[in-house]
Amino acid sequence: MHLSKTEKRLLHSIKVQTARANRDNISRTKAYEQFFKKHPEIQWSFLAGMVSRNAGWNMCDLEGIWFSRMLGLKYRRHLFLTYEEANWRIFQDAYPQLLLYHYSTRNGRPLFHLCRFFFITPFMTKAWIAFWEHGNREKLVTALIINEQNIIEKPVIKKQSFVFHSLLFFLQDWMHFSTVLFPTCNGKLYGSSVSHFRNIDERIKLGKRLAGLLFSKELFQQFLEFSCRTEPTGARFDYEQYRDKPRFHETPMLRRVYPVISHQEGKTEQWDMFRRVKKDWFIEPEWEEDPQLTEWYDHKQKQLHLAVMVKNWIY
């Protein structure tokens with residue numbers, strides 16, 4: 001494909017912006033949420049920002065006062081790197097898509113023919129073109145959810161399978177690994193869980209449930225208020241500060257405990273070339289539980305503290 005000088009400069013700019021914003025969990029969260037403020041029609045970007053906040057809280061849990069007494073240093077380090085790689089890979093694939101959309105709106109014409117230079121799948125290229133032409137927000141959100149879970153399926157979920165068969169999944173409720181929380185400034189917590197995290201179909205269902213919850217008419221403004229008022233640090237104090245009885249800094253801020261990780265860049269796998277896109281992935285999921293998780297969260301925190309104390313008493 002022949003590229004103009006303008007297109008070459010644009011490709012370079014997108015690569016530089018992506019690398020800068022993909023520095024760590026905090027920079028990713030900010031990039032996603034700032035993009036949503038510019039383009040509120042791209043709902044996935046806000047979803048990604050709120051899920052990224054959860055990833056930061058899970059990372060910092062590992063160095064907090066409770067999990068550091070339950071899990072060994074080597075295992076905690078490996079678990080952190082698993083979180084980090086998954087979120088890095090998703091951002092590395094998704095953020096250039098967002099920027100291509102941004103520059104398309106600025107130029108008044110679609111630039112999705114440039115997707116191939118970022119190894120963006122044909123599946124997502126078609127999804128962006130369809131959104132540009134028809135503006136179906138929900139369908140684009142679902143396509144991006146499907147894409148991100150397929151992006152991490154082989155290099156993270158399958159490759160790190162021993163992590164997902166280990167002690168973590170005996171403690172997953174306590175560790176909130178498979179529960180995503182959406183906090184509010186009034187102290188209430190909402191969210192959803194997945195019970196079979198290794199199953200890509202279940203992770204996609206979770207993503208769709210979370211999108212439905214995040215953009216529900218009743219709660220969206222509360223979640224947006226939290227996002228706008230709360231600087232992401234990775235510490236659970238980000239939202240526990242709004243609780244009636246806040247816990248003070250039981251987990252550290254991310255940048256105080258973790259270094260910047262250098263990832264090995266390469267081609268993103270074109271998963272849609274060998275994996276079938278299931279029709280079920282586009283079906284709207286049904287809610288099976290109450291999304292209000294405030295009391296559930298408090299109960300799980302008590303269980304965690306008790307488990308740590310019992311472990312330390314036994315050993």
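Quick caveat: nothing in here was measured; it's all calculated off a predicted structure. Index from 1, following the sequence.
- What you find for I145 and A211 is that their closest heavy atoms are CD1-CB, 4.3 Å.
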Original post:
Step by step, would you call R236 with H249 a side chain to side chain contact (heavy atoms under 4.5 Å, CB included)?
Top reply: CA-CA 7 Å; R236 286 195 182 271; H249 306 294; over 6 Å; no
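- Proximity of a side-chain donor or acceptor of E7 to a complementary backbone N or O of S4 within less than 3.5 Å is detected.
- Judged purely by atom type and a 3.5 angstrom limit, N147 has no side-chain atom pairing as donor or acceptor with the backbone of M124.
- Remark: side-chain polar atoms of S45 are not paired, donor with acceptor, to backbone N or O of I42 under 3.5 angstrom.
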### Task
Any chance you could lay out the side chain to side chain contact (heavy atoms under 4.5 Å, CB included) test for F197 and R203, step after step, and finish with the verdict?
CA-CA 6 Å; F197 188 83; R203 298 199 309 274; 4.0 Å; yes
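- Q241 has its side chain within reach of T230: a pair of non-hydrogen atoms, C-beta onward, lies under 4.5 Å apart.
- Counting heavy atoms from C-beta on, the side chains of Y297 and Q301 come closer than 4.5 Å.
- In this structure, T125 and C115 approach most closely via the heavy-atom pair OG1-CB, 3.4 Å.
- Residues L114 and L100 are in side-chain contact: their nearest non-hydrogen atoms beyond the backbone lie under 4.5 Å apart.
- A salt bridge does not link E63 to R256: none of the charged nitrogens lies less than 4.0 Å from a carboxylate oxygen.
- A distance-only check finds no donor-acceptor pair linking the side chain of S227 to the backbone of F223 [under 3.5 Å].
- Under the 4.5 Å side-chain criterion, counting only non-hydrogen atoms from C-beta, R229 is in contact with Y242.
- In this pair, F91 and Y95 present their aromatic rings parallel. The plane angle is below 30°, not in the 30 to 60° band.
- With hydrogens and angles disregarded, no donor-acceptor distance shorter than 3.5 Å links the side chain of S13 to the backbone of L10.
- Among the candidates Y258, Y75, W88, F67, the single residue satisfying the ring-ring contact (aromatic ring centres under 6.0 Å, His included) test with F80 is Y258.
- Here the side chain of W57 pairs a donor or acceptor atom with the backbone of A235 at under 3.5 angstrom.
- Taken together through direct or relayed side-chain contacts under 4.5 Å among Ile, Leu, Val, Met, Phe, Trp and Tyr, I129 and L98 form part of one hydrophobic cluster.
- Taking the six-membered ring where tryptophan is involved, the planes of F112 and Y101 are essentially parallel, since the angle between them stays under 30° and well short of 60°.
- The nearest pair of heavy atoms linking S27 to A21 is OG-O, 2.8 Å.
- Using a 4.5 Å cut-off between side-chain heavy atoms of Ile, Leu, Val, Met, Phe, Trp and Tyr, with links allowed through other members, L3 and I120 fall into the same hydrophobic cluster.
- One side chain, Q292 or T294, offers a donor N or O that lies under 3.5 Å from an acceptor on the other.
- Aromatic rings of Y239 and F226 (six-membered ring for Trp) have centroids beyond the 6.0 Å cut-off, not under it.
- Side-chain contact of R53 with T29: a donor-acceptor pair under 3.5 Å is absent, judged by distance alone.
- Side-chain N or O atoms of N22 include none that pairs as donor or acceptor with a backbone N or O of T18 at under 3.5 Å.
- If you take OG1 on T251 and CG on L62, they are separated by 10.5 Å, rounding to the nearest 0.5 Å.
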Apply side chain to side chain contact (heavy atoms under 4.5 Å, CB included) to residues K208 and V141 and explain how you reach the verdict. CA-CA 8 Å; K208 291 187 293 184; V141 170; over 6 Å; no
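- Once rounded to the nearest 0.5 Å, the distance linking CD of E84 with CG of L79 reads 12.5 Å.
- Crowding of E225 atom CD: a count of heavy atoms from other residues, nucleotides or ligands under 6.0 Å exceeding 12.
- A 4.5 Å side-chain heavy-atom check between S104 and R109 finds every atom pair outside the cut-off.
- Heavy-atom minimum distance, I65 versus R69: O-CD, 2.7 Å.
- Nearest heavy atoms, M273 versus P122: SD-CG, 4.2 Å.
- Here the OG1 atom belonging to T121 is positioned 10.5 Å from the CD1 atom belonging to I146, to the nearest 0.5 angstrom.
- Remark: aromatic rings of Y32 and W44 are close, center separation under 6.0 Å.
- Put simply, CG on L206 and CD on Q149 are 8.0 Å apart, with the number rounded to the nearest 0.5 Å.
- G234 approaches D238 most closely through the heavy-atom pair N-OD2, 3.5 Å.
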If you apply the rule salt bridge (Lys or Arg N to Asp or Glu O under 4.0 Å), what do you find for K158 with E153, and how did you get there?
CA-CA 6 Å; K158 298 294 187 186; E153 174 71 0; 3.6 Å; yes
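- Within the model, atoms CZ of R89 and CG of N87 stand 12.0 Å from one another, a figure rounded to the nearest 0.5 Å.
- Between the side chains of K37 and Q34, no donor N or O sits under 3.5 Å from an acceptor N or O.
- Of the possible polar contacts, none joining the K139 side chain to the A127 backbone as a donor-acceptor pair under 3.5 Å is found.
- The shortest side-chain heavy-atom distance between W296 and L189 does not fall under the 4.5 Å cut-off.
- Counted within 6.0 Å of CZ on R275, heavy atoms from surrounding residues, nucleotides or ligands total more than 12; the atom is thus considered enclosed.
- Within the 3.5 Å criterion, the main-chain N or O of E286 finds no donor-acceptor partner in the side chain of K205.
- The local environment of CD in E295 is sparse, with at most 12 non-hydrogen atoms from other residues, nucleotides or ligands closer than 6.0 Å.
- Using a 4.5 Å heavy-atom threshold, the side chains of Y190 and K188 count as touching.
- Remark: side-chain polar atoms of R209 are paired, donor with acceptor, to backbone N or O of S193 under 3.5 angstrom.
- In this structure, the separation between CZ on F182 and CG on L214 is 4.5 Å, given to the nearest 0.5 Å.
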- prompt: Can you check side chain to side chain contact (heavy atoms under 4.5 Å, CB included) on S52 and N25, steps first, answer last?
  reply: CA-CA 7 Å; S52 182; N25 171 265; 3.3 Å; yes
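- Residues I14 and Y103 are in side-chain contact: their nearest non-hydrogen atoms beyond the backbone lie under 4.5 Å apart.
- Taking the six-membered ring where the residue is Trp, F282 and F123 present tilted rings, their angle falling between 30° and 60°.
- Using a 4.5 Å cut-off between side-chain heavy atoms of Ile, Leu, Val, Met, Phe, Trp and Tyr, with links allowed through other members, L181 and M253 fall into different hydrophobic clusters.
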